[in-house]
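Working notes, structure below.
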Amino acid sequence: MGRAEIEKMVEKSEDINNLERLPEGCISDILSLTTPADVCRSSLLSNLIKSAADSDVIWEKFLPADYQEIISRAFYPFPSAAATSKKELYYRLCDDPLLIDGGLKSFQLEKSSGKKCIMLGAKELAIDWGDNPHHWYWRGYPGSRFAEVAELKWSCWLEIRGKLETRLLSPETFYAAYLVLKFKQDVYGFDDEPIKAKVEVVGGAGGDTSQERLIYLSPNGGKDQYVARKRGDGWMEVEMGHFYNEGGPDNEGGEVHMSVIETENLEAKYGIIVQGMELRPKADT
């Protein structure tokens with residue numbers, strides 16, 4: 001029985017009585033082959049199914065196989081043992097981004113699927129002239145996940161790069177890469193000029209792939225679909241590109257490289273605040 005058939009069975013009311021006749025362990029096994037979103041819907045159907053849907057057996061399977069190793073890299077203490085259940089742990093990792101790797105990255109689960117989302121903080125990015133205080137200013141910022149963000153004071157040249165090992169992402173998943181930023185009240189040089197964005201996968205089982213596009217860092221720039229848009233956390237984001245992460249044991253050594261570059265129009269630019277680059281499952285794929 002495939003996942004689609006199982007999901008339909010869970011959703012069809014005429015099949016519920018048949019499902020309830022099974023032992024709770026069998027129900028748990030069936031539900032674990034669906035998705036977290038399907039399990040949450042099914043838990044409303046009856047006490048027996050709710051009990052199975054809340055079991056650690058199911059939610060352990062929805063957590064990434066390496067979740068314990070990821071938690072061990074937490075920047076602040078994260079007592080996973082304090083969670084009363086694997087379901088509670090799952091939702092904690094969905095609702096509260098976990099700072100890892102010295103506080104330079106954040107890790108989170110997509111709530112509906114359990115897929116990994118990772119953001120590289122600005123300090124984890126390669127920013128041209130980023131160490132020059134005449135061009136970039138590093139500081140804390142309200143609402144940022146990270147201790148420091150990068151504020152562009154002035155430059156005629158913009159080049160920001162980030163990279164991540166693909167093994168750290170969920171396998172067999174389409175991902176999109178986003179630049180996460182804000183704008184100061186006094187911002188200049190981004191309304192009319194598109195910026196080159198590139199997302200490239202190097203190495204790994206799927207071979208090399210590359211995608212380039214023009215984006216606008218300002219919501220007022222151009223009519224293209226790749227403009228900065230509001231996020232739920234108060235920041236803005238613009239999609240730089242997407243790729244398929246094949247994953248699996250043969251994907252060791254693969255990396256995704258991301259960049260935004262504007263080196264042709266050498267006019268003054270200032271007033272953007274960069275929080276980081278985020279990789280998360282692509283919603284419309």
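Excluded from the calculations below are hydrogen atoms, water molecules and symmetry mates; all remaining heavy atoms, backbone and side chain alike, are included.
A pairwise comparison of heavy atoms in Leu99 and Ser106 identifies CD2-CB, 4.1 Å as the closest pair. Between Ala228 and Leu217, the closest heavy-atom pair is CB-O, 3.4 Å. Taking every heavy atom of both residues into account, Pro133 and Lys153 meet most closely at O-NZ, 3.1 Å. Residue Phe107 comes nearest to Pro64 through the heavy atom pair CZ-CG, 4.3 Å, listed as atom of the first residue, atom of the second, then distance. Across all non-hydrogen atoms, the minimal contact from Leu279 to Tyr175 is C-CD2, 3.9 Å. A pairwise comparison of heavy atoms in Leu214 and Pro194 identifies CB-CB, 4.0 Å as the closest pair.
Panel note: side chain Lys163, backbone Met258; no donor-acceptor pair is recorded below 3.5 Å. At distances below 3.5 Å, not a single donor-acceptor pair connects side-chain atoms of Trp59 with backbone N or O atoms of Pro36. With Gln108 contributing its side chain and Cys94 its backbone, the two residues share a donor-acceptor pair below 3.5 Å. Side chain of Tyr90 to backbone of Gly114: a donor-acceptor contact under 3.5 angstrom is found. Judged by distance alone, with hydrogens and angles left aside, the side-chain atoms of Gln275 form a donor-acceptor pair with the main-chain N or O of Arg145 at under 3.5 Å. Distance alone, capped at 3.5 Å, places no donor-acceptor pair between the Ser144 side chain and the Pro142 backbone. With hydrogens and angles ignored, the 3.5 Å screen pairs no side-chain donor or acceptor of Glu278 with any backbone N or O of Leu120. Between the side chain of Ser170 and the backbone N or O of Lys116, at least one donor-acceptor pair lies under 3.5 Å. A donor-acceptor pair under 3.5 Å is absent between the side-chain atoms of Asp56 and the main chain of Ser85, judged by distance alone. Put simply, the side chain of Thr166 never gets that close to the backbone of Val256: no donor and acceptor are under 3.5 Å apart.
Within the structure, ring pair (Phe, Tyr, Trp, His ring centres under 6.0 Å) pairs that include any residue of residues 260-280 comprise Tyr188-Tyr270 (at least two apart or interchain). Residue pairs meeting the salt bridge (charged side-chain N to carboxylate O under 4.0 Å, His left out) criterion with at least one partner in residues 67-78, sequence neighbours excluded, are Glu69-Arg73, Arg73-Asp101.
In the hydrophobic clustering of this structure, Ile195 groups with Met236; members are Ile, Leu, Val, Met, Phe, Trp, Tyr whose side-chain heavy atoms approach within less than 4.5 Å, directly or through other members.
Atom CD of Glu246 sits about 11.0 Å away from atom OG1 of Thr173, to the nearest 0.5 Å. Between the CD1 atom in Ile215 and the NZ atom in Lys196 there is a gap of 12.5 Å [rounded to 0.5 Å].
Through direct or relayed side-chain contacts under 4.5 Å between Ile, Leu, Val, Met, Phe, Trp and Tyr, Tyr137 connects to no other residue.
A salt bridge between Asp128 and Arg161 is absent, with no side-chain N of the basic residue lying under 4.0 Å from a carboxylate O of the acidic one. At a threshold of 4.0 Å, the pair Arg280-Glu237 counts as salt-bridged, since one of the basic side-chain nitrogens sits closer than that to a carboxylate oxygen. Using a cut-off of 4.0 Å between Lys/Arg side-chain N and Asp/Glu carboxylate O, Arg229 and Glu239 are scored as not salt-bridged. Between Glu151 and Arg139, at least one side-chain nitrogen of the basic residue sits less than 4.0 Å from a carboxylate oxygen of the acidic one, meeting the salt-bridge criterion. A salt bridge between Lys115 and Glu172 is absent, with no side-chain N of the basic residue lying under 4.0 Å from a carboxylate O of the acidic one. Salt-bridge annotation for Arg231 and Asp233: present, with a side-chain N of the basic residue lying under 4.0 Å from a carboxylate O of the acidic one. One finds no salt bridge joining Lys269 and Glu267 here, because no Lys/Arg side-chain nitrogen approaches an Asp/Glu carboxylate oxygen to under 4.0 Å.
The ring pair (Phe, Tyr, Trp, His ring centres under 6.0 Å) check on Trp235 picks up Tyr141, with sequence neighbours excluded. Shown here are the ring pair (Phe, Tyr, Trp, His ring centres under 6.0 Å) partners of Trp154, two or more places apart in sequence or in another chain: His135. By the ring pair (Phe, Tyr, Trp, His ring centres under 6.0 Å) test, Phe75 pairs with no residue at all, sequence neighbours left out.
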### Query
Do Ile70 and Phe78 pass the side chain to side chain contact (heavy atoms under 4.5 Å, CB included) test, and can you show the C-alpha distance, the side-chain angles, and the key distance before you say yes or no?
CA-CA 11 Å; Ile70 293 171; Phe78 184 85; over 6 Å; no

### Message
For a side chain to side chain contact (heavy atoms under 4.5 Å, CB included) check, start with the C-alpha distance between Met119 and Phe146, then their side-chain angles and the critical distance, and finish with the verdict.
### Response
CA-CA 10 Å; Met119 187 189 293; Phe146 306 98; 3.4 Å; yes

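Each of Gln211, Met277, Glu212 was evaluated against Met240; a single residue qualifies, Met277, per the side-chain contact (heavy atoms from CB on, under 4.5 Å) test.
Between the side chains of Tyr67 and Glu60, a donor-acceptor pair is found at a separation under 3.5 Å.
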